[in-house]
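Some notes on the structure that comes next.
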2 protein chains.
Amino acid sequence: MAQRSGPDYRHKLTLRDVSEASGVSEMTVSRVLRNSGDVSEKTRAKVLEVARTLGYVPNKIAGALASNRVNLVGVIIPSLSNMVFPEVLMGISRVLDETPLQPVVGVTGYEPEKEEQVIFEMLSWRPSGLIVAGLEHTDAAKAMMRNAGVPIVEIMDVDGEPVDACVGISHERAGRETAREILARGYRKIGFLGTKMPLDHRARKRFEGFSSVLKDEGLSIVAEEYYSGGSALAKGREMTQAILAKAPDLDFLYFSNDMIGAGGLLYCLEIGIDVPGQLGLAGFNGVDLIDGLPRRLATLDSCRAEIGARAAELIAAAETTPKDASPQRIEISPIFAPGDTVRPK
Amino acid sequence: MAQRSGPDYRHKLTLRDVSEASGVSEMTVSRVLRNSGDVSEKTRAKVLEVARTLGYVPNKIAGALASNRVNLVGVIIPSLSNMVFPEVLMGISRVLDETPLQPVVGVTGYEPEKEEQVIFEMLSWRPSGLIVAGLEHTDAAKAMMRNAGVPIVEIMDVDGEPVDACVGISHERAGRETAREILARGYRKIGFLGTKMPLDHRARKRFEGFSSVLKDEGLSIVAEEYYSGGSALAKGREMTQAILAKAPDLDFLYFSNDMIGAGGLLYCLEIGIDVPGQLGLAGFNGVDLIDGLPRRLATLDSCRAEIGARAAELIAAAETTPKDASPQRIEISPIFAPGDTVRPK
DNA sequence: GTGAAAGCGCTAACAC
DNA sequence: GTGTTAGCGCTTTCAC
């Protein structure tokens, strides 16, 4: 079999190799490869040609150490199995793609100790900034971030004290707003369905906001149902069946996310419940799956991609600007989308 | 407000700072921090104590340069918006979590040039290995990978020539197997619904395998429908409506993924089509959403998490073992899951 | 068990 | 426009 000729990357080539092969100093080669400083067109062309034929791949590790510039942004999220976080990543990527910065992802599994560890690992790469989901962290993690000397953006949530900047929605308010919309539409016997996750602070805050509005009206949640693991759609079905068995006179189900809400919706329609007349439904997140359901599920958008993008912009801006800007606190305020699963007001 | 006392990370601390503060040489501090070599328990305790109080965070950039060990694994995937790829990442993370290796993700948007660029960027970090989705790459990308001097694992697909190792399923075979199952169940007028993506080689291979079996039986695909962007569930609905309008006598719809299949299923049930009697449906991927649908959609599992895990194992193994092992070619063979949307044989 | 010296492959800073 | 020098913060190697 004929061996295609081409660059040979096998020997770990260094700048020195390119320098020798082109008869130009290492420094000039470095300048060409970074498009920095003035280099004559002739030299530049020669160097590029030699680098390409040799198959030279610069060593960013060495470059980063020498220049003290790493151009990495640490992104720390609790999970990848929940589509919400990949969507945040997309927002981040979209913005960072226009810059020299590159995201590096760490996953915590919703565990504070694991998060602390991931933050430590990230910081040991000396990144240009950190984007971390949530406002709740161990004291050690907060201390590390506070003293990291790089911009830290906590995302998804604004209910609390950020270490530095934050971008997100208020989940407390999201819960309250949903409750108000539901009550305004005349529903009174309300059930709640959520995840069995004490460390999902955002879900908890929505629940608290939601409950507090009910309480103000002299109401309370009539029944609850929780799940963990498995297909959220299937769990939504099962939980809906279970909660309606326990409390058949419910007139509303508030789901802590759209996927279980979708499962609940499919179940209700199948067994012939009149949605939204007899039973209203609402979820949370605003996932695009909703568009394909038999009815549009009522929901509140969690603005994932936008949050990711705004956070990335803050980090990118800190790279360019003198770092005297005061920490930002950006709250995005989504509005309730009633869809077809709540009665009109 | 009282300032909580604690480690001060502000001044970029170095080994030297820890060394001076503990009265131990930099070398010994380094040994303690890496658990390498023999250090007396007394010294070790003192160093750890000092490092912690100071809030020292080691600089991995410098460590990597000096030791020539980076412990990063580049993972290159086409997209994050398709849940398939985050699931691959989960399989990879699960395995790498047990090792010192850490995944770094790059996204190509299904563009070969972007992929080439991402591969170059990844290699410039001198990673311990690369996991790349697919077997199709530009010549330059293949050359870089061939000469990278680290293990390269191409994943998701085994229909072609890998640069080094590969782990995946045969999409050609997946298409053929699905076609055989469909024909064996008596369906004959078959429509195909897919994505408008010439660069999704795996979808193309499934289509080709599928078509070839039909052809062997003197049949062919009666109607086709394609989409791009938007909510896959909603697109599945729309396309199903459209294809049935064009070809009302179809008795089977083969969807190139489960999400559009699910949309199609919901649509068919809503308008009262007898599934699977009058019309059979099948998708591809085996997503867990299927469990929550009114009927279980027939599908073929693409084994995403397992593929990720196996690929990560190959990289991890290459780290420990002398690198003489011949390149592996691991084919996973999923079996057709008929669910409830095809007739019994 | 501990330390001293010599780099890893680049780039900042300055000289020419 | 180009070259020289001196590190970046660690780890390797070898001496003690």
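Chain naming here is simple, since letters A, B, ... match the order of the sequence lines and numbering starts at 1 in each. Computed over heavy atoms, backbone and side chain alike; hydrogens, waters and symmetry mates excluded.
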Contact state string [nucleotides 8-16 of chain D, B base, S sugar-phosphate only, - no protein heavy atom under 4.0 Å]: BBBBB----

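Regarding contacts with the backbone of D/dT4, every side-chain N or O of A/S25 stays at 4.0 angstrom or more from both OP1 and OP2. Distances shown here put every side-chain N or O of A/T28 at or beyond 4.0 Å from the OP1 or OP2 atom of D/dG1.
For the pair B/M27 and B/R31, the minimum side-chain heavy-atom distance is below 4.5 Å. The shortest side-chain heavy-atom distance between A/M90 and A/R304 does not fall under the 4.5 Å cut-off. Counting only heavy atoms from C-beta outward, the side chains of B/D157 and B/E136 approach each other to under 4.5 Å.
Going from atom CD of B/E20 over to atom P of C/dG3 covers 13 Å, rounded to whole Å. For the pair A/R44 CZ and D/dT2 P, the interatomic distance rounds to 11 Å; values are reported in whole Å.
Atom CZ of B/R44 sits in a crowded spot, with more than 12 heavy atoms from other residues, nucleotides or ligands closer than 6.0 Å. Other residues, nucleotides and ligands contribute at most 12 non-hydrogen atoms within 6.0 Å of the CZ atom of B/R16.
For the pair B/E49 and B/K46, the salt-bridge criterion is not met [side-chain N within less than 4.0 Å of a carboxylate O].
Over its full length, the helix from C/dG1-D/dC16 to C/dC16-D/dG1 turns its helical axis through 30°, comparing axes from the five pairs at each end and rounding to 10°.
Under the rule for a side-chain contact (heavy atoms from CB on, under 4.5 Å), the partners of B/L65 that lie at least two apart in sequence or sit in another chain are A/I61, A/A62, A/L65.
Side-chain contact annotation: A/R126 with A/N68, donor-acceptor N/O pair under 3.5 Å absent.
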